[in-house]
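Here is the structure we will look at, set down as structure tokens.
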Amino acid sequence: MAIQDILALVALVFGLFFSLVGIVGLVRFPDVYCRIHASGKVATLGLVGLLATSALLQPETALKALALALFVVITSPVASHAIASAAYRQGVPINGDRDELAGQRTNLTN
Amino acid sequence: MLFYLLVSLGFAVVWMIVTGQFNPGGFAVGWMISIGLLLVVRPHPRVIRASHLPRQMAATVIYILVLFRDIVLSSVDVARRALSRDMRLQPGIIAVPTQDPQRREIVTALSAHNITITPGEMVVDFDTENSVMYVHCLDVRQSIPIAEAAQSRRLRLLLNLLGDRS
Amino acid sequence: MNVLILGTIFIPLGAAAVSLLFARYLKVQHWLGFLAGVGAWLCSLGVLAANLESGPQVYRLGGWPTPFGIVLVADLLASIFAVMSTTVVAAGLLYALGCKDKVVSYPTFMPLFLCMGAGLNGALFTGDIFTLFVFIELMVIASVVLVAISDNRLGLEAAIKYLLISSMGTLFLLIGIGALYATFGTLTMADIARLLASGERPLLAQAAAVMLMCAFLLKSAVFPFHFWQPDFHTTAPTPVHSVLSSVVVKVGIYGLIRLITLMFIAEARLIENLLLILGVISIFFGSLGALRTYDAKRMLAYSTFGQIGFILVGIGWGAPLALAGALVYAVNHSFIKSALLMITGTISSRTLGKTARLSEIGGVGQKLVYTSGLYFVGGIALAGVPPLNGFISKVTLVQAGIAVEGWLVLGLAVGAGIITLLYMMRTWQLIFQQEPDEHTKTKPAGDSLLAPTLLIALCLGLGLYAAPLIDLANRVVAQIGEPQLYIQAVLGG
Amino acid sequence: MTPLVNTAVQLGLIVMIILLMPATYRVVIGPHPSDRLQAIDTITTLLIGIIVLLGLLQGSALVIDVGIALAAFGFIGTLAVARYLSEGKVF
Amino acid sequence: MNVLFAIATGIMFALGVFQLLRRDLIKTAMGFYILFTAINFLLLAVGAFDGQIAAYVDANNQTAAQPSDPLVQALILTAIVISFGSYALLTAFIVVSSRRFRTVSTDGIDRLQR
Amino acid sequence: MTIALIAAIPFLLAVIALPLRRWLSTSMQGGLFAVSLGGLFVFALAQSGAVSQSPLAFALEWVPQLGLTLSFYLDGLALLFVLVVSGIGTVIALYTGFYFDDAAKAGRFLAMLLAFTGAMLGLVTAGNVLTLFIAWELTSITSFLLISFYGDEKARAGALQALLVTGGGGLALLVGLLLLGGAAGTYELPQIIASGDVLREHPWYSIFAILIFLGCFSKSAQWPLHFWLPNAMTAPTPASAFLHSATMVKAGVYLLARLHPALGDTALWQGALVGFGLITLLIGAALALRQNDLKGSLAYSTVSQLGAFVALIGLPHSEGIKAVMVGILAHALYKGALFLTVGAVDHATGTRDLDKLGGLRGVMPGFASVAALSALSMAGVPPLFGFVAKELLIEASLHTLPLLVTLGVVVLSAVFTVGMALILFWDVFMGQSRAAHSEHHLHIPARGMTAGPLIMAALSLALGLGIGPLVTPLVQPAVGKEISLYLLPPGGINEAFILSMIALAGGTLVFATRGIWRAWALPTLPTGQDIFQAVIRQTERAADVVLHSQNGRIRYYLIVILLAVIALMSTAGLQNAVDFTRLDVSINGATDVLKIMLILLSIGATFASIVFRKHLLAALALGVAGYSIGGLFLLEPAPDVALVQFLVETLATVLIIMILARTSEAERMAALENLWMGSRTGLWRDIAISAAVGIGVTLFALAAVTNRPDQTTIAQWHMENALPQTGVNDVVASIVTDFRGMDTLIEISVFGMAALGILTVLAGARSSSAKPDASEADADETPIYNFAFSDALNRFAARVVLPVALLIALAHILYAGVAPGDGFTAGVIAGLGVALWYIVFGYEGTRERLRWLRPAAMIAVGLLIALTNAALPLLFDRAFFAFTLLPVELPADIKLASTTLFEIGIFSTVFGGISAVMEALTHPKEVETL
Ligand code: NA
Ligand code: NA
């Protein structure tokens, strides 16, 4: 077994693990904000792992895998932020008592 | 001019990655296409001093490494919580000042991006007037103490990256 | 001269693109459009001439061998329909030059109109069943938009309805295409025809025939697929309506003829019987609808519904004479209907509300002797009064009916013919003879009468000098009676 | 690719497919629209992963282009819906 | 597999037709869209000849594996684009209908009668 | 040739009459055309010598395929009618010159009248039944115009009724004549007449005979189709005199007489003609007596007279033909004169009501004498011409019909006619003046107006007196055999003479007791009018049913269409087409598992989109379904299709959400149905239809997958030729841009047009030049957006994504041949990048920042580039859309070919299109670009 096969397997397990974790968080976490933490970022890392697997096993895909990984890393936080922001504007309550945005919100929109 | 040169070079690199042609030919084609694209789109130029370039480059590399480390750390952190039985969550939203004296949008954006990627924190909203980011944390006990310090660290890196600190 | 086939499609399409660039110069745009229409018309005449001289014209796009590429085929059937279409489209463009509708001043009007024409010609000339779908869609989308932006605010409603109903037709067409491709593995109509004729007849052919027939019936607004038509046509801007109600509805007719003469010859008898039944019902629905509806444009739309029924009856009779009769009928109807719609358009352009509601256009034309004469001639032409071309259509059809001894249908069809006379003349009296109400206010000038004048002259000409058209129709029928000719022209050998 | 790796990738594919289910479950139960949006965003990410693995199995470098597109559109779609949820408008 | 595909297209069509017949124009538009997705799927199911590899050819290595029928793919591409154009138009019409007729119900746009 | 002129000249005159009306006064017009028609009369008269030798014929090939020849045939019968038409026409034209006050009106009238004259002359000189029919129809049309001349409600209704009855009859006649021609093997009249034996034996005989009867009876106002004629009296009086008494109504009589040699003397012929003719004779006469309106009275008496003619033609052994010919002449003279007199009376007094008239002999002495002579001729008083006609009628009847019929119908009708004639003269011209018109300013007719009627009246006398020498040469050729005519029976008083004297006496008695007769309520006779109206009513009711089905509801339309298709499909025998042995239920490997998952997911998500009440959720579910289908495409494997599917799916989702954003919640909620609580029948109906469609499609798909070949040669060819012929690895790309490039060109045109359409409907429809009306402006008011969503992070993302998207797009173009993606995907990707800008920056923000974005121009340029690519090879004598590889070496595996140009065109169109859609959707007020 070549070295990159071993690395690829590691990357595969890595990717699958974080994908799994992200989904677990998506199911378990108490409110939408927490779930975004889980799935939005963790699943991203899972994807990066799978992309690494691909790059290792099929070198011709490496550059595109890199491009995809970069793209996901750049956009994923933005999507998370946008969803969280939308949830807050829709009035989805946060789980927890500390909310420094409460009250400020009215000044921000409308 | 330097700005356009840098941007076109950057685009050329992106081109090479996207097309999978990581070779001189790919670079040449990508560069030409980038120049053509810039001629059409004409983004607003930013002043760049040649003398600061090397340091900016270095900062960029460091930034990317830090970013990657942050992603991994954050993911591991969240994974721990997700898989643990009681999840040990104490969510909440805290206000974090952006601290950029010039209040530039790019700085705010990159800070927010970075924060959202870091462990258990995520920007929910901005108060542009007061340069405040409202950050949702999975665990406020853990985040509050380090929030401002982390932000000033990030800001330093960013300013370096943007070539502002002379 | 097979290159001319391209001209009928791509001159309008190119002009559409160029005219879009001249969006700010309305005059330039309009004249460009008109010239393109004339260009396409000349090309179609050239195609017809070439056809008469040396048989079916075939153009292989990209030079790829058939059936691997797309092929444009101009046999006599396609050519005669194309000449009819380009004539009416050119007339419509001419009308648009002198039309005062707001919609005509939109910068997108001309490109859309030209695309409609391009789609129309393409649908006629394509020898590829899938390309037929694509061209029909071009036509549909362009016309839907043109109706949606009509000065008549209800155009939007009609456009929504048509878009939804037409999508059904598109589905049928695609299912049919899928069936044909799945069974024969080819899209070229000639190839399909060859395989169908070669005997090994897969069972799915019949399903494909039904689906394609439904699609074409829908495009021609035949009962019970007609519901969209009165709405869609009535609310269309006049130049568009004059094209929709005359030639666009004939695309389905063309498709049906192709279906039963080229491809599904074995199923032809079945389809023809069905067409007979649907044709008779359409005649009655259309005629009766025209009799009692509330709007002069809508009346003509219903009338088209009925007239399509007559054509279907001709096709349904199946005999060569009947088919020729149907063709003559189709061509003559296009010119008459188009002219009548334009004249009605000029009348409604003189009303303040741009309406053709019968309750509001009474007496509007009382002082317009010339318009009155044109409308009258058009009206009696539609009703089949000699010596106009409508009479020729009627006689050819009735002769065909006698020849095939289709007494019942003949009787019903002739009986319905009198209704046409009733509604046309009643409306003529209403518009041009009645004393206008005191609240009826009219504008001093309306749309230009040039285009309808030319068309009416054509109607008169085709009535007085009918022999060439009938001759042509007979030649068409003789040619499509031998599908081998078409297949050989396309596939070679 | 060795058979072992191949099997691993196939297993990975099955894991990813199984993961679609809880994500879909979250889409169904919500409770808030933003929950569903987040879940769909996650599904998109999973799908990209699936596509990558599929590319490996098919031995084809082509599908990753599809993945890039999917990532881009998933992102833009997410932003559009998020804006709709925030402000009742998309544009 | 082909049975499953066939049944699936049937179900998709049924669902599309049902959705198309709703009173709500937005649902109707969705039905329109479902039907066109379904037809593309149908074209794939009945037309593509059980491909094992994508329809790409290479000068040096010709594999024995059956490629997916490229012609059907091209047809589907065209059908997708055209149906999407129609669909986009329909959605725009719904917006204008809301402005002009103050309704997005199919029963509400029934001024054109007789 | 010359005989063709007989019909042609009046048409020419009609054409010049229109412009002449601007230059000539009414009387000059009348005079001019009277002279012209008079010339025609003289010309015709001059032909009589030649005609009596042998008929003149002339034929001109017209539409040989239809058997339509412009052929003319002038024999004695035709000549007689030509003389009547042109002679009466002369008088009418002269009279018209004094009838109208307005020269323009007179000109219009004369033009129509002359056109009618031409048509009528064409009818009687036609030598081909189709030519005859054409003329026949033209008389109906010109008659319609003349009846409708004044344009008032009554005139229009009368004209329409006349047109319907005669036009309907005309259609029957057309079919009848075509059948006749078919049976005879020719449409030429002389041959048809000559083939009487064949025709009478032909199986179609009764069909075409009845159809021809229908035509003739409607034209000649036979009961029960007579009702239109009195209603046609709204025509100006000269027209009534000419068309509706002297000429047109006799067209039916003419045609029957014409076809008599060919079709006559059968039981059907005799029964129909004699039966209907006699009924008409009696009813017409009875009704004529009871009219108050003078013209109505004359009209019914005309009906009666026409009945007599028809009955005479029906008599066996051609007994009645002589009487018909004489009768036509006599009737034309006295009835024409009477009509013109009534017209003058109407003109003078403003009324035609018998109760309001009287004692006009003083003011209109000329017309009084005309009326006296004509009424006496009509009454059949010797020695006037009418007497001879009546004698012949009674005689023919006596010879062939039972005495009871002769007495009960013919003589009784004569009695009524005499009474009516006397009333007509006496009650108008004698007695005392009535108040009604003495108050009324009397409009004494010009002297010239009397001239024509006087001539006619004088002729009634002269021809009666000179019956033998003057009339015999005219009638004998028409009858076609030796005849002798005399005023008084040579053999002394015979039965006919006695009967006619009895009629005179009876008529006088009727006249004397007219008060009683006119007040006496006759039993209501069944008239065609009722039937006609019932037919019209039922037709309109049927029309209402038809229109009721056009109920405006799209759902209903769709259901009907789907049901029709289901019904049609059920005949296609799909269930037999499924080859169950080839059904494949095996599942192989993870890919198949994935396929099943995706199928389930897509069906589940689609189902969810139906049941979700919230539109947003439904839209998202639909997106999931679409992505799943995309996944299935990917597994096919069809990466190009999958790519496009994903792209389009995203756009589609964005579009639905856009509708949600731009329609009000209230409207949406009002439209939404509750699937579970709403009308269950409707629900079950929809479910049933959907299920039927689903089953149909399933069967279809099963049949397709089990019947298809394993591979098509055509796809095989594409696989083999893509690389060598178009230099690409992506066979789909080579098909899209080369093998089937035109599909793609048209497809992007569709896309571009749809985008332009969206732009126009949403933005361009309010063009900057035209001011929107108030309601629309109000309705279209959209709030200016605030950009709260547009925060630093989102802006950052938008700024990064657009250039990347453009780069990816360009990569798709340049590497279209080796990777999934092409100009189309490039356009969508770039378009989505722009869409992101619109999402983040809004309309104003994006337009301000992306000034280079010109959607409409991009569409135009894209289409032009694509067209250029297609057309360029033509310059080098190669095929449209021919593939050309550019001979340049480029780095990075880039191959430039004509295809590249095409891809750029596609890209530009699609990018422009999507940008246009975005611009339209975000557009707050009006559009600036374009
Ligand atoms: Na395409
Ligand atoms: Na490609």
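First the proteins, then the strands, lettered A, B, ... as listed; each starts at 1. Because the structure is predicted, anything quoted here is derived from the model rather than measured.
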Practice item. For F/Leu635, enumerate each residue passing the side chain to side chain contact (heavy atoms under 4.5 Å, CB included) test, keeping only those at least two apart in sequence or located in another chain. Key: D/Leu54, F/Thr591, F/Leu594, F/Lys595, F/Leu598
Choice from [options] maximising heavy atom contacts with chain F below 4.5 Å:
{"options": "E/Ile94, E/Ile26, E/Asp69", "result": "E/Ile26"}
{"options": "E/Gly85, E/Gly16, E/Ala92", "result": "E/Ala92"}
{"options": "E/Ala45, E/Gly108, E/Ala79, E/Ser83", "result": "E/Ala45"}
{"options": "E/Ile109, E/Asp107, E/Ile11, E/Leu42", "result": "E/Asp107"}
{"options": "E/Ile76, E/Leu20, E/Ile80, E/Thr37", "result": "E/Ile80"}
{"options": "E/Gln113, E/Met12, E/Arg114", "result": "E/Arg114"}

What option among [options] has the most heavy-atom pairs under 4.5 Å with chain E?
{"options": "F/Glu636, F/Arg668, F/His548, F/Gln550", "answer": "F/Glu636"}
{"options": "F/Leu672, F/Ile554, F/Leu600", "answer": "F/Leu672"}
{"options": "F/Asp544, F/Val910, F/Leu622, F/Val732", "answer": "F/Val732"}
{"options": "F/Val546, F/Asp592, F/Ile559, F/Val641", "answer": "F/Val641"}
{"options": "F/Gly752, F/Ala638, F/Ala754, F/Ala652", "answer": "F/Ala652"}

Is it the case that the side chain of [X] and the backbone of [Y] share a donor-acceptor pair, with hydrogens and angles ignored and the cut-off at 3.5 Å?
{"X": "F/Thr760", "Y": "F/Leu756", "value": "yes"}
{"X": "E/Asp110", "Y": "E/Thr106", "value": "no"}
{"X": "F/Ser690", "Y": "E/Phe18", "value": "yes"}
{"X": "F/Thr744", "Y": "F/Val736", "value": "yes"}
{"X": "E/Tyr56", "Y": "E/Pro67", "value": "no"}

Is [X] close to chain E through its backbone or its side chain, or both, or neither, when contacts mean heavy atoms under 4.5 Å?
{"X": "F/Val828", "value": "neither"}
{"X": "F/Glu649", "value": "both"}
{"X": "F/Ala618", "value": "both"}
{"X": "F/Arg740", "value": "side chain"}
{"X": "F/Ile714", "value": "side chain"}
{"X": "F/Leu651", "value": "both"}
{"X": "F/Val750", "value": "side chain"}
{"X": "F/Tyr556", "value": "neither"}
{"X": "F/Ala543", "value": "neither"}
{"X": "F/Ile610", "value": "both"}
{"X": "F/Ile599", "value": "side chain"}
{"X": "F/Ile748", "value": "neither"}
{"X": "F/Ile629", "value": "side chain"}

Would you give the length of the straight line joining atom [atom1] of [X] to atom [atom2] of [Y], rounded to the nearest 0.5 angstrom?
{"X": "E/Leu71", "Y": "F/His718", "atom1": "CG", "atom2": "NE2", "answer": "5.5 Å"}
{"X": "E/Leu4", "Y": "F/Ile596", "atom1": "CG", "atom2": "CD1", "answer": "5.5 Å"}
{"X": "F/Phe751", "Y": "F/Phe824", "atom1": "CZ", "atom2": "CZ", "answer": "5.0 Å"}
{"X": "F/Leu562", "Y": "E/Leu21", "atom1": "CG", "atom2": "CG", "answer": "6.0 Å"}
{"X": "F/Leu634", "Y": "F/Asp640", "atom1": "CG", "atom2": "CG", "answer": "10.5 Å"}
{"X": "E/Phe93", "Y": "F/Ile758", "atom1": "CZ", "atom2": "CD1", "answer": "8.0 Å"}

Check your understanding: For the residue pair E/Phe36 and E/Phe84, is the inter-centroid distance of their aromatic rings smaller than 6.0 Å?
Key -> no
Identify which part of [X] has an atom lying under 4.5 Å from any heavy atom of chain F, answering side chain, backbone, both or neither.
{"X": "E/Tyr33", "answer": "side chain"}
{"X": "E/Ala88", "answer": "both"}
{"X": "E/Ile7", "answer": "both"}
{"X": "E/Thr103", "answer": "backbone"}
{"X": "E/Met30", "answer": "both"}

Practice item. Specify the closest pair of heavy atoms between F/Ala621 and F/Ala605, including all atoms of both residues, with the distance to one decimal. Key: O-CB, 3.3 Å
Review point. Which side-chain hydrogen bond (donor to acceptor under 3.5 Å, both in side chains) pairs, counting each pair once, include a residue from residues 4-25 of chain E, with sequence neighbours left out?
Key: E/Arg22-F/Glu673, E/Arg22-F/Asp686, E/Asp24-F/His615
Check your understanding: Side-chain contact, heavy-atom cut-off 4.5 Å: E/Ser86 with E/Phe32?
Key -> yes
